[in-house]
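Working notes, structure below.
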Number of protein chains: 2
Amino acid sequence: MNLQDATNILKEKGYKTTGKRKDILEFFSSEDGYRCAKDLIAYLENKYGAISFDTIYRNLHLYHQLGILEKTNLNGEKHFRLSCSHHHHHHFICKDCGKTKEIDICPMDTAAAKLTNYEIDDHKFEIYGRCPACQHA
Amino acid sequence: MNLQDATNILKEKGYKTTGKRKDILEFFSSEDGYRCAKDLIAYLENKYGAISFDTIYRNLHLYHQLGILEKTNLNGEKHFRLSCSHHHHHHFICKDCGKTKEIDICPMDTAAAKLTNYEIDDHKFEIYGRCPACQHA
DNA sequence: CTCAAAAATCGTAATCATTCCTATTTACAA
DNA sequence: TTGTAAATAGGAATGATTACGATTTTTGAG
């Protein structure tokens with residue numbers, strides 16, 4: 001998922017392309033890992049001086065709903081990153097910097113076989129720790 | 001993990017066995033799945049009329065820290081269940097009733113091999129959906 | 001280009017889960 | 001039984017998120 005893809009999705013679905021929406025996409029493009037609302041607010045306040053919570057959360061939800069952002073919960077706070085839509089995979093997530101590394105292992109195929117009669121909607125496989133860079137810092 | 005195991009752990013570590021602590025353990029013993037602070041409060045208020053948040057959260061944390069309760073985050077709310085300490089496994093979690101089913105698959109071994117130089121502290125593998133009972137309700 | 005309708009944003013108040021604080025009560029070891 | 005450290009009460013404070021009426025902006029038709 002890149003900036004252009006995301007903008008196309010917005011247009012296709014009939015959402016308006018506003019300056020703030022572009023800024024939010026640019027923020028997540030420039031960041032490489034999971035970021036929370038607070039991080040985004042800091043980025044936008046740097047440019048605009050003040051920003052409404054409504055704008056922040058409405059757009060985070062919209063982007064998540066459109067599949068543009070992935071969401072996860074890190075110690076009680078929602079975090080987002082640009083979707084990597086090319087293929088299904090999971091992530092190692094650094095607890096210090098939020099950066100991620102793709103893990104191409106997905107245990108769902110074998111797991112689903114053991115869940116006959118269960119309706120499966122979603123799953124999560126995440127590994128938490130510290131990336132090489134943060135271990136040295 | 002059963003009620004007796006949990007009580008023993010408390011004693012061993014020098015924590016006092018109070019009436020409320022026993023009630024909390026009984027609540028989680030009687031429930032079969034992930035429950036949140038709100039559920040616990042409802043249960044205890046039924047018995048005591050009122051209960052301090054402090055008591056609820058302090059004890060939830062204590063039990064989690066002692067390995068008596070497992071914790072997970074379900075739509076921004078912390079949920080707990082009695083630890084199943086006999087062996088390492090993961091869970092299917094019903095979105096409707098919170099009940100769980102053990103999954104004996106853990107992808108960590110193969111995943112860790114792909115993360116040399118990464119410090120791995122923790123991992124989560126959860127499957128979400130609806131259990132057979134809730135599909136019929 | 002202009003204008004109106006719909007959508008988006010603003011500023012702020014409200015909500016909800018959780019944490020924190022001080023006074024009081026309780027468990028339990030001596 | 002008694003002293004004391006630990007636990008609880010009751011409520012205020014915090015922090016993330018949601019809600020809402022008023023205002024502004026985007027966009028597309030004319």
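Predicted model only: the values in this text are computed from it and were never measured.
Of the residues A:Ile51, A:Thr55, A:Asn46, the one that meets the side-chain contact (heavy atoms from CB on, under 4.5 Å) test with A:Ile41 is A:Ile51.
Nearest to the side-chain atoms of A:Lys38 among the listed nucleotides D:dT26, D:dT8, D:dA16 stands D:dA16.
Within the nucleic acid shown, A:Phe53 comes within 4.0 Å of at least one base atom, counting heavy atoms only. Using a 4.0 Å heavy-atom criterion, one finds that B:Arg58 contacts the bases of the nucleic acid, with or without backbone contacts as well.
Nucleotide D:dG15 holds its P atom 11 Å from the CD atom of A:Glu77, rounded to whole Å. Atoms CG (B:Asp39) and P (C:dA17) sit 11 Å apart, rounded to a whole Å. What separates CG of A:Asp23 from P of D:dT26 is a distance of 12 Å, to the nearest Å. When rounded to the nearest whole Å, the span between CG of A:Asn59 and P of C:dC10 equals 10 Å. Computed from coordinates, the B:Ile51 CD1 to D:dT8 C1' distance equals 8 Å when rounded to whole Å. Distance CG (A:Asp54) to P (D:dA19): 10 Å, rounded to an integer number of Å. To the nearest angstrom, P of C:dC10 lies 11 Å from CD of A:Glu45. In this structure, the CG atom of B:Leu74 is 11 Å from the P atom of C:dT18, given to the nearest Å.
Between A:Tyr15 and B:Ser52, the residue anchored nearer the 5' end of DNA chain C, judged by the nucleotide with its closest heavy atom, is A:Tyr15. When the nearest nucleotides of DNA chain C are assigned to B:His79 and B:Thr17 by heavy-atom distance, the more 5′-ward of the two goes with B:His79.
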Worksheet item: Step by step, would you call A:Arg21 with A:Asn59 a side-chain contact (heavy atoms from CB on, under 4.5 Å)?
Response: CA-CA 7 Å; A:Arg21 286 207 169 130; A:Asn59 286 316; 2.8 Å; yes
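Under the 4.5 Å side-chain criterion, counting only non-hydrogen atoms from C-beta, B:His91 is not in contact with B:Ile103.
The phosphate of D:dA9 has OP1 or OP2 within less than 4.0 Å of a side-chain N or O from B:Lys20. Within the structure, every side-chain polar atom (N or O) of B:His61 is placed at least 4.0 Å from both OP1 and OP2 of C:dT18. The shortest distance between the side-chain N/O atoms of A:Tyr57 and the OP1/OP2 oxygens of D:dT18 is not below 4.0 Å. Between A:Thr18 and C:dT9 there is a side-chain polar atom (N or O) within less than 4.0 angstrom of OP1 or OP2. Dashed line: the shortest gap from a side-chain N or O of A:Thr55 to OP1 or OP2 of C:dC10 is under 4.0 Å.
B:Lys20 forms a cation-pi arrangement with B:Tyr48, by the criterion of a distance under 6.0 Å to the ring centre and an angle within 45° of the ring axis.
In terms of modelled atom types and a separation under 3.5 Å, the side chain of A:Arg35 and the main chain of A:Asp39 share no donor-acceptor contact.
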